[in-house]
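We name chains A, B, ... by the order of the sequence lines, and we start the count at 1 in each one. The shown structure was predicted, so the numbers you read here are calculated from the model rather than taken from an experiment.
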There are 2 protein chains.
Amino acid sequence: MASIKDVAAAAGVSVATVSRVLNDHPSVSADARTRVMTAVAALGYRPNAVARSLRTDQTRTLGLVISDVLNPYFTELARSVEEEARALGYSVIIGNADERPDLQDHHVRTLLDRRIDGLLVSPTDGGSPLMLDAARAGTPMVFVDRWIRGVDVPVVRADGQGAVRELVAHLHRLGHRRLAIIAGPAATTTGSERVEAFRAALAEYGLALPDAYTGQGDFQADSGRRVTEGFLDLPEPPEVIFAADNLMALGALDAIRARRLRVPDDVALAAFDDIPWFPHTDPPITAIAQPTGELGRAAVRALVDRIEGRTPTSVTLPARLVVRRSCGESSLAPTRSPQSCPTQAPVQPVPTQSPVQRSTS
Amino acid sequence: MASIKDVAAAAGVSVATVSRVLNDHPSVSADARTRVMTAVAALGYRPNAVARSLRTDQTRTLGLVISDVLNPYFTELARSVEEEARALGYSVIIGNADERPDLQDHHVRTLLDRRIDGLLVSPTDGGSPLMLDAARAGTPMVFVDRWIRGVDVPVVRADGQGAVRELVAHLHRLGHRRLAIIAGPAATTTGSERVEAFRAALAEYGLALPDAYTGQGDFQADSGRRVTEGFLDLPEPPEVIFAADNLMALGALDAIRARRLRVPDDVALAAFDDIPWFPHTDPPITAIAQPTGELGRAAVRALVDRIEGRTPTSVTLPARLVVRRSCGESSLAPTRSPQSCPTQAPVQPVPTQSPVQRSTS
DNA sequence: CTGAAAGCGCTTACAG
DNA sequence: CTGAAAGCGCTTACAG
């Protein structure tokens, strides 16, 4: 592969001059510039990004460590992150933690070794020493979706509290009183916050959230299946199961189907995170939708601000409830007729409660 | 951040010695080794992968350019690729082409600039000059899923011919005669091969595939929606719509739902690629499943073989039909009762036709 | 077993 | 405007 030396030789200039035209440095004669451009084209020369990074101490690369690539929520997040990063002149390297702290650390370490300019993380756990050290050592970092308390790192996330209250109101209106939740790992913020929001909303209706109705999942499908089986084995099974993410809802559906039970007649089901398939499941699933694309973009902007010396801003955007049929027929709805549910614009009967919130971390 | 010089100074040895212990070179005294290890631990030193890559001319990194991250098929492929690569000591950088040739080229270029050791590609088009040049220039490369004719690059893919024949047999048995397909871009192999397999299978039953029943999609949901609307507007709409991938099937479902039509009563639907949601849609969707994980692993093995000087092998694995209810009730099935459809092991009434096939490219 | 030195492919003050 | 030279952080023959 041609190097800068080859180009310099072909153009009859020094490597310094080649470097200058490649980097659009102003002080280069028009003549030198054209000769270099010609040589570059003739040789099909492409600068070695590795060498450039070593010299400039910047890689123009962002690391993104997500909890699970098989989760459509994170996949959509990753897509918007890459898009925004590209618009700002950065590449992104994705690491998939698969909800495993050890794998998460593996990726953080690898990314750090590659000297990425900044790190976007959705932590799988309460914070590994590695990540905390990196943050303290001054690695530009931003948390997306999930975060870790007590670390001075900006957070970009959705607030689901309002939407969870609306969900509980919806369920209560439909006559449901025995509500259960499949929670995510307590060590993650989304794992604990969603349970707490649910518990608080139930309390407003004088309803308790007994331990038997609080199943411990890990955000993956299998755990949703397992926890649901436990719920259904109870002497008094819940009337509603609220899965704290879409994959556990998938697992719950599997378990319910396996017992030949019907949703919502035998058990109602709702999920956190909306995905394109939810309007099409049998029945369509009521879900809490996050502004995923906007979160990804805001996270990149915050990280790039941090990298380029500006002050990064934490961002919290509201999630919203999308009512479908999996919790029962709303008395407001006319009759049980097939609904039109285009993927891009899900039905949204309940208005978004609060405007975009921005707060400085 | 500490460099190798700092470690050498702290340990009282030369940087050469530090490098040797870091790389497990045999000729280092036990004493020197322990002093270096101690210094490394004390400083929290981590070798700079950028510098190492520049010096050794290898990055231990594979590039993976996939057609669309939002497509669960590619997401599963990416996961298995990363897993196998990690097992073999490589990292992988994913580039998402979003079915756009220009974006694909952007990622190939970026990856090449970073001097990845090898490239795994599922081409979005018939082959950009950039990619063809890279292949000719000797960049280690392997095609996964989709490929390009006339280039000497190993291919790892699934053969769907047998499964498509089984699908058509299934449809014919159910009494369907007007069958339509939503095809992918003709410039991609999977875009054209699936149509041809479908056409050939229809011919065996004396059925034609008229132009009006051949819709041009781009493997993304919107195109499935658009093409389906066209089909439904026909004076004589098809009885079955076969979507050449899962996202176009999602779009088709949207379009069908929007018209308040029912699957399979008004139109039957089948898809290429099986995904965890298909058992749960309304109705569960009949699909052709690829051995995705195995494809990803085989592709990595082929690429690493190529990189490390061994002879890479092309691999073709059979796809298989998974019958569900979206094409109508099979006369074999007892009654319309809810089925048990665990995500992990979809119902597979039709036996896999051929054993694993391996052929050298 | 160990160190001094060269060199990977760039960028960038420094002189001219 | 241009080039010679230093240096980014490593690895690896080469000598000893």
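- A salt bridge is defined here as a Lys NZ or Arg NE, NH1 or NH2 lying under 4.0 Å from an Asp or Glu carboxylate O, and A/D98 with B/R79 meets this definition.
- Straight-line distance from the CZ atom of A/R115 to the P atom of D/dG9: 9 Å, rounded to whole Å.
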Check the pair B/S91 / B/R86 against side chain to side chain donor-acceptor pair (under 3.5 Å), numbers first and verdict last. CA-CA 6 Å; B/S91 295; B/R86 179 154 34 83; over 6 Å; no
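- A side chain to side chain contact (heavy atoms under 4.5 Å, CB included) with A/E76 is found for one member of A/N71, A/L295, A/T292 and no other, namely A/T292.
- Classification of B/D113 and A/R46 as a salt-bridged pair holds, one side-chain N sitting under 4.0 Å from a carboxylate O.
- Applying the 4.0 Å criterion to OP1 and OP2 of C/dG7, one finds that B/R55 has every side-chain N and O outside that range.
- Counting to the nearest Å, the C1' atom of D/dG9 and the CG atom of B/L43 are 15 Å from each other.
- Heavy-atom distances to DNA chain C give each of B/A51 and B/P26 a nearest nucleotide, and the one nearer the 5′ end belongs to B/P26.
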In dot-bracket form, how is DNA chain D paired, counting a Watson-Crick or G-U wobble pair only if both its distances are under 3.5 Å and using | for bases paired to another strand? |||.||||||||.|||
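- Using a 4.0 Å cut-off between charged nitrogen and carboxylate oxygen, A/R157 and A/E294 do not count as a salt-bridge pair.
- We find that A/E82 and A/R297 are not joined by a salt bridge, their nearest charged nitrogen and carboxylate oxygen being 4.0 Å or further apart.
- Across all strands, B/T56 comes closer than 4.0 Å only to sugar-phosphate atoms, never to a base (heavy-atom distances).
- The distance between atom NE2 of A/H25 and atom P of D/dC1, rounded to the nearest whole Å, is 9 Å.
- Per the geometry, CZ belonging to A/R46 stands 15 Å off C1' belonging to C/dG9, to the nearest Å.
- In this structure, the nucleotide among D/dC10, C/dT2, C/dG9 sitting nearest to the side chain of A/L54 is C/dG9.
- Crowding of B/D57 atom CG: a count of heavy atoms from other residues, nucleotides or ligands under 6.0 Å not exceeding 12.
- For the C1' atom pair drawn from D/dT12 and D/dG16, the interatomic distance equals 16 Å after rounding to whole Å.
- Going from atom CZ of B/R35 over to atom P of C/dT2 covers 8 Å, rounded to whole Å.
- Only A/S3, A/I4, A/K5, A/A16, A/S19, A/R20, A/N23, listed by number, bring a heavy atom of residues 3-24 of chain A to less than 4.0 angstrom from any atom of DNA chain C.
- Not one N or O on the side chain of A/D68 forms a donor-acceptor pair closer than 3.5 Å with the backbone of A/E99.
- DNA chain C is contacted by both A/P47 and B/A30; B/A30 maps to the nucleotide lying nearer its 5′ end (nearest heavy atom per residue).
- Atom OH of B/Y45 and atom P of D/dG9 are 10 Å apart (whole Å).
- A salt bridge does not link B/E308 to B/R301: none of the charged nitrogens lies less than 4.0 Å from a carboxylate oxygen.
- Heavy atoms of A/N48 sit under 4.0 angstrom from primed sugar atoms or phosphate atoms, though from no base atom.
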